[in-house]
Structures are given as C-alpha cells and as structure tokens.
Amino acid sequence: MAAVAQCVRGALRPRLPLLNVALRTSPRLLCAATQQKNTGQNLEEDQNQSQNEQKVEPSSAEKLLAEEKAKLEEQLKEVNDKYKRALADAENVRQRSQKLVEEAKLYGIQSFCKDLLEVADILEKATESVPKEEVKDENPHLKNLYEGLVMTEIQIQKVFKKHGLLRLDPVGAKFDPYEHEALFHAPVEGQEPGTIALVSKVGYKLHGRTLRPALVGVVKDA
C-alpha cells in the first residue's frame, strides 16, 4: 500500500504547476464570463424594451393605414347618404309621375266636357221654352218634340255622371266661392244672408274639381 501511495504522488507531482497556473488565470476568465453574461442580459433587455416601445408606439405605416381607413369610411358614408337621397328623389319623381298620369286619366276629357256643357245648356233652354200648357195630345208633334228633348237631356246627364261630371244647381245652399260665382247680392225676405236665392246658370264639377262655377244671386242683409 505504501508503494501504491508513492506511485500516485509521483504521478501527480509533475501536474501541480499546471494546476497552479490554471488557478491563477481563473479570476480573469471568471470576470470575462461575467461580463459576457451581463452584456447578453443587457442586450436582451434592450431588445425587450425596443419591442415594448414598438408595441406602444405604432409605426408610420400603421398610422397611414389607419388614416386611409378613416378616409375610406368617410367616403363610404357619403356615398351611402347620396345613394339614399337618390332613392328618395327617384321615389318622389315616381309618385309625382303616377299622380300626373292619374290626373291625366281623370281630367284629360276636361276640354271635351266643357264643349258638351254648351250643348246641355241649349237643351235645358229648349225644354224650358216650351209652354207646358201646350204639351197636350191635341198637339202630338209638339208633345213628341218636347218629350224627345227631355229624354235627350236626361240621357246626357247620365253620360256626364258616368264620366264623373256632376251638375251643380245650388238653390238655397250656402255660397261657396270655390263652386259658385256671385252675379249680384240682394236682400230677400225670409232667407238667410249668405245663401243662394237664384241660379242664373248651373255649374258642373269633374271628379270633385269645379269645371264651371254656377252663376248665382246671393242673399245679403237688408
């Protein structure tokens, strides 16, 4: 055993100077390693800080994209508003056109009706001019003529009514400036002022619109 111990000490003795050198140089190595470690940590911290700053402060490209998005959204809003206004205008035009078409259908015969009113007036005057006491069986020709005039007048009023043309004979009614035209004002005993006492010429309305006002005499205060 003693011989083995001596052999081991003999083998280690030549290596002792190398171990001492390693121990002497190890502090420098440790400082260098520590500095490298600190440097790596500092770089990592700088990178983390720069990444955080990039997250907090958006880049110029992101700002441009946000501004462009806002502009596009504003343009889209304007286009939608213009589109809605255009739809509303088109609907108004359609309704006005439809109303004009309907009015043209209703009142397109207005001029023709005015011309026929003259014929109706002549028939009415013709029947009124025939003496009623002369319409007898002893005068068959006059009787037949009178009855023909009456039937023609009745028929023409039926045709007028069929097409929306109504006769206005407002004796005793209140005076209405939209339907009547006053020829004179005179006091009439027993009648309320403002009422119609006399109709000089009957009026007509076409689908509720006055085509020809009635010519009347109106009662006034005494």
Side-chain angles (χ1 to χ4, degrees), residues 81 84-222:
D81 292 340
K84 290 178 181 179
R85 286 196 295 270
L87 286 180
D89 292 340
E91 180 63 19
N92 291 334
V93 170
R94 187 191 67 80
Q95 291 180 357
R96 287 197 297 269
S97 301
Q98 185 177 359
K99 185 177 180 180
L100 289 174
V101 170
E102 292 176 354
E103 289 183 351
K105 291 179 179 178
L106 291 175
Y107 305 108
I109 60 173
Q110 180 171 319
S111 178
F112 179 67
C113 288
K114 282 185 177 180
D115 294 337
L116 285 180
L117 295 183
E118 300 298 328
V119 178
D121 293 338
I122 293 172
L123 284 173
E124 184 177 2
K125 289 179 180 180
T127 55
E128 290 177 353
S129 64
V130 176
K132 302 299 185 293
E133 63 275 7
E134 296 295 331
V135 181
K136 299 178 181 179
D137 294 335
E138 291 79 7
N139 298 322
H141 298 293
L142 181 61
K143 182 179 179 181
N144 293 335
L145 178 62
Y146 176 77
E147 290 177 352
L149 289 174
V150 171
M151 291 177 63
T152 303
E153 187 179 3
I154 293 173
Q155 185 62 31
I156 198 170
Q157 291 298 328
K158 288 182 179 179
V159 173
F160 285 171
K161 187 175 181 180
K162 178 181 178 181
H163 293 279
L165 187 62
L166 299 179
R167 190 171 183 266
L168 296 176
D169 190 4
V171 176
K174 281 287 186 180
F175 176 77
D176 186 351
Y178 295 102
E179 297 181 357
H180 315 136
E181 182 178 345
L183 296 178
F184 59 89
H185 293 76
V188 178
E189 186 178 355
Q191 293 194 16
E192 184 181 355
T195 59
I196 297 172
L198 175 68
V199 177
S200 175
K201 192 174 186 179
V202 296
Y204 285 89
K205 294 178 72 174
L206 179 62
H207 295 292
R209 179 186 295 180
T210 301
L211 182 64
R212 188 183 75 182
L215 303 181
V216 299
V218 184
V219 179
K220 72 174 184 178
D221 293 329

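Each residue takes its place number in the sequence, starting with 1. Only heavy atoms go into these numbers, but all of them, side chains included; no hydrogens, no water, no symmetry mates.
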What pairs of residues pass the side chain to side chain donor-acceptor pair (under 3.5 Å) test when at least one of them lies in residues 205-222, not counting sequence neighbours? D121-R212, E179-K205

Taking only residues at least two apart or on different chains, which pairs with a member in residues 182-203 satisfy side chain to side chain donor-acceptor pair (under 3.5 Å)? K174-E192

Inter-residue atom distance [X].[atom1] - [Y].[atom2], 0.5 Å rounding:
X: N92; Y: S97; atom1: CG; atom2: OG; result: 10.5 Å
X: L215; Y: L168; atom1: CG; atom2: CG; result: 11.5 Å
X: K125; Y: L123; atom1: NZ; atom2: CG; result: 11.5 Å
X: I109; Y: L116; atom1: CD1; atom2: CG; result: 9.0 Å

Report yes if the side chains of [X] and [Y] come closer than 4.5 Å at any heavy-atom pair, otherwise no.
X: L211; Y: L117; answer: yes
X: P170; Y: V216; answer: yes
X: L100; Y: E103; answer: yes
X: Y146; Y: E134; answer: no
X: V171; Y: V199; answer: yes
X: K105; Y: V101; answer: yes

Ion pair present between E102 and K99, side-chain N to carboxylate O less than 4.0 angstrom? no

For a quick test of your reading: what N or O donor-acceptor pairs under 3.5 Å do the side chains of residues 153-167 make, sequence neighbours left out?
| residue | atom | partner | partner atom | Å |
| --- | --- | --- | --- | --- |
| E153 | OE1 | T127 | OG1 | 3.4 |
| Q157 | NE2 | Y204 | OH | 3.0 |
| R167 | NH2 | E124 | OE1 | 3.4 |
| R167 | NH2 | E124 | OE2 | 2.8 |

Show the numbers, then the answer: is there a side-chain contact (heavy atoms from CB on, under 4.5 Å) between Y107 and L206? CA-CA 7 Å; Y107 305 108; L206 179 62; 3.9 Å; yes

If we ignore hydrogens and angles and just use 3.5 Å, is the side chain of N139 paired with the main-chain N or O of V135 as donor and acceptor? no

